[in-house]
Amino acid sequence: MDSAREPRRVVVTGLGVVTSIGTGVGEFLTGLRSGRSGVKPITSFETAGYAHANGCEITDFDPARRLHEAGAEELGRAGQFSAAAARMAVADGAMPVRALREERVLVSVGTTDGESRDLDRLAILDYQDGPAHLARRSPAGRLSSAIVRELGLSDVEAVTIPTACAAGNYAIGHGMDAIRAGDVDVALCGGVDALCRKTYAGFYRLGAMAPEVCQPFDRDRKGILVGEGAGILLMESLEHALARGARIYAELLGYGLTCDALSPVAPDQDSLARCMRLAHENAGVKPTDIDFISAHGTGTKANDMTEVAAIRQAFTDAPPPTVSIKGMLGHAMGAASALGAAACALAITEGFIPPTINHRETDPECQVDCVPNQARPAEVRVVQNNALAFGGNNAVLILGRYGTAA
Amino acid sequence: MSAPTAIATGELVLSAWSAVSPFGVGREPFREGLRSGRSGIAALDAEAFPGPYTTAGLVPDFSAAKYLGRKGTRLMDRLTALAVTAVGGLVEQCRDDLSAAPERAGLVLGTGWASVQSIMDTTRDSVNGEKPYHVDPAKFPNTVMNKAAGQSAIWHTIKGPNTTISGDWLTGLLALSYATRLYRGGHCDLVLCGAVEEYSTQRAWLDWHSGEAGGDGAAALGEGGAFVLLESAESARRSGRGPLVRLAGTGFRSCQDGAGVRDTLETCVRGTLRRAGVSPEQVRLIAPADLPGPAGAAEDEALTVVFGADNASCRRIHCRAQLGDTTAAATVFQLAAALAEVERGAVHDTGEYALVTGIGRDGMVGCALLGGCGDPA
């Protein structure tokens with residue numbers, strides 16, 4: 001038998017969010033509580049030729065205001081979101097940047113498309129002649145090193161995890177493992193993506209794009225809407241957080257990963273149910289402990305049906321309320337589950353379940369209490385945050401209220 | 001509530017490796033190619049690969065159909081085909097464990113831009129087509145950056161954690177660090193860990209314009225991938241694979257406050273040695289990044305300060321000149337080159353160590369420290 005030791009406890013002490021329903025924790029929380037919609041006509045790229053082109057775009061992001069150290073022109077849109085969200089997470093956690101620079105830090109950022117906006121532009125330009133600065137800033141690795149640069153970190157491991165639409169949970173899980181094992185006391189983890197032409201064209205061509213709004217679990221749901229943004233969590237070992245008297249949003253209890261190894265695009269019920277069970281086991285919770293599920297809930301026929309069936313498989317009793325914040329935020333791709341985790345942390349702290357908006361009638365084929373249209377006050381102790389990705393990649397994260405888990 | 005999963009603290013080893021390189025498909029061509037000192041870089045077919053370079057380290061005569069068969073490979077892009085092939089080389093060495101418990105095996109796959117050819121082709125189709133959505137729906141999944149990892153899992157039935165890692169030239173080292181945490185966190189018992197890079201026209205232009213590529217923008221690019229098997233010492237012995245090296249640690253740092261690569265790498269390496277309780281004299285083999293230009297000179301200075309010059313008691317191996325700049329796969333090729341030397345008797349005793357160093361274009365540096373396993377007990 002291999003030797004083993006008890007994992008250190010991991011808590012979330014700061015949140016940095018850039019979203020289509022608001023930037024910064026205050027705006028994001030107000031948006032989640034009031035069921036704000038981020039939907040608007042897309043302006044990020046040319047949309048002529050599409051019958052419809054709504055998305056959850058961010059129209060009020062000012063990199064010059066948000067970034068202090070990282071040069072805005074040296075980063076693409078996703079890198080800017082990433083660095084800005086990290087800067088906000090550190091400020092929100094009342095962690096002095098000078099103190100952070102003395103720490104060993106893990107930076108782990110998930111993404112679907114990397115610096116996709118720049119790749120779009122480079123593909124369109126006859127870029128044999130440049131511009132070189134776009135090429136230089138285009139590697140996905142820049143999404144994590146942007147944070148290093150913005151915060152001036154030296155003793156740091158920075159990694160980008162491009163595991164598509166489950167990447168946010170993957171990146172947070174990585175940070176959790178690093179802190180649990182004692183490799184670092186502090187981690188900045190989450191996900192980021194920027195709207196891009198390539199991904200819009202692809203999902204539209206697959207018939208997965210909703211014409212107007214995203215309606216998770218609704219009988220008339222018509223697909224996803226693309227979104228963008230970043231969610232970065234300031235994570236610390238419990239001792240580190242307590243020693244500096246940090247406010248604790250939530251404890252990260254555990255997570256699970258599985259791979260379907262079946263289809264590059266279609267989700268698999270059994271593999272997703274297995275992922276949920278692994279997450280419960282890893283966190284040391286039972287299905288009956290879960291107060292609500294923040295679902296992947298993309299609003300496509302296939303996702304919502306498979307996901308609810310997997311939930312029923314993993315939760316032998318009636319499953320808890322199961323919501324999707326994608327009605328509000330659209331599918332922010334690599335940022336989606338990181339924003340889901342941020343929403344879960346706020347739900348725990350503030351005592352509410354975020355609503356599934358644009359909901360008229362629940363599909364009997366994916367019957368869940370999706371907390372339709374209006375946020376619900378609730379005592380929230382343990383939450384499950386689901387994420388699925390192309391490639392058959394599933395990642396499920398469990399968060400709990402600090403103080404109740406022991 | 002019950003207890004969360006414990007942290008596995010037992011000794012971790014690398015027990016097998018595979019390579020698909022400019023010397024060919026498999027370990028033997030890689031070993032032989034490195035040993036011979038010949039270059040894997042050759043003239044490029046300008047029609048197949050138009051772009052800024054006239055030479056490159058391509059995997060010779062590589063195609064998905066040739067190495068994986070025609071069935072199921074029609075839509076595979078080059079990156080995914082290289083990945084599935086390289087992972088396959090490792091799967092051959094752990095097939096029994098994999099079929100016994102596919103859910104307990106993880107796959108960690110490093111990449112730079114993924115198949116940036118697939119990605120940018122799709123954008124171009126969208127721009128040049130009659131309608132902006134006239135893109136190939138069957139090829140769209142190739143543009144998602146985790147396609148190579150997902151497809152490798154499908155091909156070889158690997159059902160545990162499946163993660164894609166990206167971090168410029170440090171990708172291979174970051175993948176190894178991630179894989180270690182995955183194991184220690186109890187998420188799997190076996191990790192197939194490596195990185196892959198494709199040669200394509202789009203990648204060539206991106207690396208060309210990135211300027212610092214190869215320190216001078218003109219160094220030849222290479223492609224391919226290498227994978228290592230990470231498991232507990234006990235599991236390696238039980239399976240009869242026999243451990244090659246112990247994973248003694250990884251370390252990373254960033255150049256800040258005007259500190260250059262030389263000082264930052266020195267601090268990184270010294271810290272990694274200290275955490276592992278290893279003295280510089282114990283390091284007998286180094287596989288450096290070997291960048292041309294100032295970054296390479298800085299690396300050389302840092303290593304010389306810590307370990308002394310390249311000499312018989314601490315030998316350096318140089319694979320970059322033979323393989324070309326393999327960007328995301330660079331550090332994992334260095335690791336494979338070190339393992340090939342270990343198989344020849346280098347770093348044998350438990351008190352002997354090997355070191356792999358990496359330098360990123362974004363000011364990040366990293367290293368991995370590997371210890372000898374001694375004679376089997």
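Lettering of chains follows the sequences in order, A, B, ..., and the numbering in each one begins at 1. Scope of the values below: all heavy atoms of this structure, side chains included, with no hydrogens, waters or symmetry mates.
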Quiz item: Within a strict 4.5 Å, meaning less than it, do heavy atoms of the Thr163(A) and Met145(B) side chains meet?
Solution: no
Self-check item: Exercise: do Ser177(B) and Glu157(A) side chains pair donor with acceptor under 3.5 Å
Solution: yes
Quiz prompt | Glu130(B), part contacting chain A, at a heavy-atom distance under 4.5 Å | solution = neither
Quiz prompt | Proximity breakdown for Leu143(A) and chain B, heavy-atom pairs closer than 4.5 Å | solution = neither
Quiz item: Looking at Lys147(B), Arg275(B), Lys139(B), which makes the most heavy-atom pairs under 4.5 Å with chain A?
Solution: Arg275(B)
Quiz prompt | Which residues share a salt bridge (charged side-chain N to carboxylate O under 4.0 Å, His left out) with Asp268(A), sequence neighbours left out | solution = none
Quiz item: So, for Ala4(A) and Thr9(B), which heavy atoms are closest and what is the spacing to 0.1 Å?
Solution: N-OG1, 3.5 Å
Under 3.5 Å donor-acceptor pairs involving side-chain atoms of residues 148-158 of chain B, not counting sequence neighbours:
unit_1	atom_1	unit_2	atom_2	d
Ser152(B)	OG	Ala148(B)	O	2.7
His156(B)	NE2	Val84(B)	O	2.9
His156(B)	NE2	Gly88(B)	N	3.4

Quiz item: Looking at SG of Cys259(A) and CD of Glu103(B), how far apart are the two atoms once the value is rounded to the nearest 0.5 Å?
Solution: 11.5 Å
Self-check item: Leading residue by heavy atom contact count with chain A [cutoff under 4.5 Å; candidates Gly51(B), Gly186(B), Gly112(B), Pro137(B)]
Solution: Pro137(B)
Quiz item: So do Ile124(A) and Arg124(B) actually touch side chain to side chain, heavy atoms under 4.5 Å?
Solution: no
Self-check item: Atom pair CG/OG1 of Asn282(A) and Thr5(B) - distance to nearest 0.5 Å
Solution: 4.0 Å
Quiz item: Do the ring planes of His187(B) and Tyr255(A) sit parallel (below 30°), tilted (30 to 60°) or perpendicular (above 60°)?
Solution: tilted
Practice problem: Measure distances from Ala166(A) to the heavy atoms of chain B and classify the residue's part below 4.5 Å as side chain, backbone, both or neither. | Solution: neither
Quiz item: Checking Ala283(A) against chain B: side chain, backbone, both or neither under 4.5 Å from a heavy atom?
Solution: backbone
Self-check item: Residue among Gly167(B), Ala259(B), Gly160(B) with most heavy-atom pairs under 4.5 Å to chain A
Solution: Gly160(B)
Practice problem: Kindly indicate whether the side chain of Thr163(B), heavy atoms from C-beta on, has any atom under 4.5 Å from the side chain of Leu257(A). | Solution: yes
Practice problem: Decide yes or no for Pro132(B) and Arg197(A): does some side-chain heavy atom of the first lie under 4.5 Å from some side-chain heavy atom of the second? | Solution: yes
Quiz item: How many angstroms lie between atom OG1 of Thr143(B) and atom CZ of Phe390(A), to the nearest 0.5 angstrom?
Solution: 8.0 Å
Self-check item: Residue among Ser271(A), Gly392(A), Gly110(A), Ala181(A) with most heavy-atom pairs under 4.5 Å to chain B
Solution: Ala181(A)
Quiz item: For Arg137(A), is it the side chain, the backbone, both, or neither that has a heavy atom closer than 4.5 Å to a heavy atom of chain B?
Solution: neither
Practice problem: Pick one of side chain, backbone, both or neither for Asn393(A), based on which atoms fall under 4.5 Å of a heavy atom in chain B. | Solution: side chain
Quiz item: Considering only heavy atoms, which portion of Val365(B) lies under 4.5 Å from any heavy atom of chain A: side chain, backbone, both, or neither?
Solution: neither
Practice problem: Mind checking side chain to side chain donor-acceptor pair (under 3.5 Å) for Asp113(A) and listing every partner two or more places apart, or none if nothing turns up? | Solution: Lys198(A), Thr199(A)
Quiz prompt | Test item: Arg253(B) and Arg104(A) side chains (from C-beta on) under 4.5 Å apart, heavy atoms | solution = no
Practice problem: For the pair Tyr50(A) and Tyr133(B), name the ring-plane relationship: parallel under 30°, tilted 30 to 60°, perpendicular over 60°. | Solution: tilted
Quiz item: Charged N to carboxylate O below 4.0 Å: is that the case for Asp183(A) and Arg181(B)?
Solution: yes
Exercise. Please flag which part of Ser263(A) lies under 4.5 Å from any non-hydrogen atom of chain B: side chain, backbone, both or neither.
Key: backbone
Exercise. May I ask you to test the Ile165(B)-Thr160(A) pair for a side-chain heavy-atom distance under 4.5 Å?
Key: no
Practice problem: Determine the option with the most heavy-atom pairs under 4.5 angstrom with chain B, choosing from Ser116(A), Ala178(A), Gly114(A), Gly254(A). | Solution: Ala178(A)
Quiz item: Minimum heavy-atom separation for Gly49(A) to Lys131(B), with atom names?
Solution: O-CD, 3.9 Å
Quiz item: So which of Glu115(A), Glu6(A), Arg180(A), Lys286(A) has the largest heavy-atom pair count under 4.5 angstrom toward chain B?
Solution: Arg180(A)
Quiz prompt | Partner chain B: residue of Ala167(A), Gly391(A), Gly202(A) with the largest heavy-atom pair count (under 4.5 Å) | solution = Gly202(A)
Quiz item: Would you say Leu119(A) and Gln202(B) make side-chain contact, with heavy atoms under 4.5 Å?
Solution: no
Quiz item: Do the non-hydrogen side-chain atoms of Ser166(B) and Ile161(A) ever get within less than 4.5 Å of each other?
Solution: no
Quiz item: For the candidates Asp120(A), Leu206(A), Leu278(A), Asp177(A), which exhibits the highest count of non-hydrogen atom pairs separated by less than 4.5 Å from chain B?
Solution: Asp177(A)
Exercise. Name the member of Leu106(A), Leu262(A), Thr112(A) that forms the most heavy-atom pairs with chain B at distances under 4.5 Å.
Key: Leu262(A)
Quiz item: Tell me, side chain or backbone of Phe203(A) under 4.5 Å from chain B's heavy atoms, or both, or neither?
Solution: both
Quiz item: Rounded to the nearest 0.5 Å, how far apart are CG of Asp362(B) and CZ of Arg136(A)?
Solution: 13.0 Å
Self-check item: Atom pair OG/CZ of Ser126(B) and Arg205(A) - distance to nearest 0.5 Å
Solution: 12.0 Å
Quiz item: Taking non-hydrogen atoms and a cut-off under 4.5 angstrom, which of residues 149-156 of chain A neighbour chain B?
Solution: Arg149(A), Gly152(A), Leu153(A), Ser154(A), Asp155(A), Val156(A)
Practice problem: Examine distances only and state if a side-chain atom of Arg5(A) and a backbone atom of Ile7(B) form a donor-acceptor pair shorter than 3.5 Å. | Solution: no
Practice problem: Please state whether the side chain, the backbone, both or neither of Lys159(B) comes within less than 4.5 Å of a heavy atom of chain A. | Solution: both
